[in-house]
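Just so it is clear: chains get the letters A, B, ... in the order the sequence lines come, proteins before strands, and each one is counted from 1.
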Amino acid sequence: MAGEAEAPPPEETLSFWKREQARLKTLVVVGDTEAWQRDAAFSGLRRVGGVDVSFVKGDSVRACASLVVLSYPELEVVYEDCCMVSLTAPYVSGFLAFREVPFLVDAVRRLREKEPRLVPQVLLVDGNGVLHHRGFGVACHLGVLTDLPCVGVAKKLLQVDGLENDAQHREKIRLLQAGGDSFPLVGGSGTVLGMALKSHDHSSKPLYVSVGHKISLEAAVRLTQGCCRFRIPEPVRQADIRSRDYIRRTLGAPGPPAPAQERSQKAQGPKVCPKGGSKESK
DNA sequence: GCGACAG
DNA sequence: ATCTTGTCGC
C-alpha cells in the first residue's frame with residue numbers, strides 16, 4: 001500500500017502535459033489586477049494564503065496537501081486545512097503541477113464552500129511561476145485553475161532559458177546586503193523571468209520569486225518580502241510545518257513507541273526561540 | 001561519461 | 001520531497 005519507485009511517464013503523457021500547459025498559459029494574467037497590489041502599504045490586503053504538499057517518509061504516493069490562510073500584516077494563521085492524499089503522477093521537473101495541483105485546487109474549493117469569508121486575496125506557492133521551462137510553472141497553473149492571484153516562491157534556481165547558478169550568479173547573491181535586496185533574473189530573450197530576493201538579513205540563500213497569476217513581479221516581490229519573518233515566507237512556511245505535522249500525528253510513530261501511560265506532550269512551556277542566526281539554509 | 005534536477 | 005541534533009551566534 002505504499003508506492004515505491006516512480007515510473008517515468010510515457011512520452012505520450014508528457015506531450016499531453018505540454019499541450020495542456022500551452023493551452024492554460026494563454027489564460028495567465030501577468031500584472032496587477034487588484035487595488036491593494038499597487039498600494040505602497042498593501043492597504044486593503046487582509047488575507048494571504050500558502051500551500052504546500054509534504055510526503056510520507058519512504059512513500060512516494062502518500063502525502064499531505066495543506067492550505068493555510070494568514071492575516072496580513074499580522075501574519076497569524078486564521079485558517080488551516082490538511083488533507084491526506086494519494087499522489088498519482090510522478091515528479092518530473094517542469095511538470096510539478098500535474099503531481100500536486102489537483103489537491104491544492106480541492107483545498108481551495110473546500111475553503112470556498114466552508115469559509116467563503118476566509119478565501120485569501122493571494123496565494124504564495126512553493127515553486128515557480130513564469131520562471132519555468134515553458135513559462136508556466138505550478139504557481140501559474142494553480143492561479144489559472146482557481147482564478148486567484150498567485151506568486152511563485154522557489155528555494156532553488158530553476159536553470160532555464162539561460163539562467164545558471166554559476167559563479168556570476170553566486171557573486172550577485174553575495175552582493176545582496178539587507179533583507180529586501182534583490183536582483184532580476186533575465187532570461188536569454190532579455191525577459192525578466194523573476195527576481196532573486198534576500199528575504200532575511202541573515203540568510204545567505206535567496207528566494208526565487210516569479211509571477212504566477214494576476215500580479216506584477218514588483219508586487220510579488222514586495223509581498224513576499226512583507227510576509228517573511230524568516231527566510232521562507234510565513235504562509236508557505238506554516239503550510240509546510242502543518243502538513244508534515246499532520247503526517248506525524250496521523251501515521252508518524254506506529255506501534256511500539258507508546259510506553260504505556262505516556263501522555264503526548266505538545267506545546268510546552270515558553271521557549272521556542274527560533275534561531276534567527278547566521279546559517280539559514282536548505 | 002558528465003551535468004541537471006522547482007517539489 | 002526525505003534522511004536529521006546539537007550547536008554556534010546575536
Would you mind classifying the nucleic acid contact of Val160(A) as base, sugar-phosphate or nothing, using non-hydrogen atoms under 4.0 angstrom?
->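 If one applies the 4.0 Å heavy-atom cut-off, Val160(A) turns out to touch nothing in the nucleic acid.
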
Sugar-phosphate, base or nothing in reach of Gly152(A), heavy atoms under 4.0 Å |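 No contact.
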
Under 3.5 Å, is there a donor-acceptor pair between the Ser66(A) and Asp52(A) side chains?
->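 No, because no side-chain N or O of Ser66(A) sits under 3.5 Å from a partner of the opposite role on Asp52(A).
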
Between dA1(C), dC5(B), dA6(B), which nucleotide gets closest to the side-chain atoms of Gln159(A)?
->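 Looking only at side-chain atoms, Gln159(A) lies closest to dC5(B).
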
Face-to-face contact Tyr91(A) to dA1(C) six-ring, under 5.5 Å, under 30° |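 Stacking between Tyr91(A) and dA1(C): absent.
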
What is the separation between atom [atom1] on [X] and atom [atom2] on [N], rounded to the nearest whole Å?
X	N	atom1	atom2	value
Asn128(A)	dA4(B)	CG	P	17 Å
His133(A)	dG7(B)	NE2	P	12 Å
Phe95(A)	dC5(B)	CZ	P	15 Å
Lys155(A)	dC5(B)	NZ	P	15 Å
Glu100(A)	dA1(C)	CD	P	10 Å
Leu157(A)	dG7(B)	CG	C1'	15 Å
Asp245(A)	dT2(C)	CG	P	13 Å
Lys156(A)	dA4(B)	NZ	P	13 Å

Presence of Arg244(A) side-chain N/O under 4.0 Å of dT2(C) phosphate oxygens OP1/OP2 =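 Checking dT2(C) against Arg244(A), a side-chain N or O does come within under 4.0 Å of OP1 or OP2.
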
Measure from NZ or CZ of Arg47(A) to the centre of the six-membered ring of Tyr72(A), then state whether that distance is under 6.0 Å and the direction lies within 45° of the axis.
->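 Cation-pi check for Arg47(A) and Tyr72(A): fails.
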
[atom1] of [X]: more than 12 outside heavy atoms within 6.0 angstrom?
X	atom1	value
Glu12(A)	CD	no
Glu11(A)	CD	no
Arg110(A)	CZ	yes

Using Watson-Crick or G-U wobble pairs with both distances under 3.5 Å, give me DNA chain C in dot-bracket, 5' to 3', with [ ] for crossers and | for pairs to another strand.
-> ..........

Can you say whether the rings of Phe183(A) and His169(A) are parallel (under 30°), tilted (30 to 60°) or perpendicular (over 60°)?
->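 Phe183(A) and His169(A): perpendicular rings.
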
Relative to the ring of Phe98(A), is the ring of Trp17(A) parallel (under 30°), tilted (30 to 60°) or perpendicular (over 60°)?
->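 Ring orientation of Trp17(A) relative to Phe98(A): parallel.
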
Nearest-Å distance once atom P is located in both dT4(C) and dG3(B) |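 Roughly 28 Å separates the two P atoms.
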
When you compare dT5(C) with dC2(B), how far apart are their C1' atoms, in angstrom units rounded to a whole number?
->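 So the two C1' atoms sit 35 Å from each other.
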
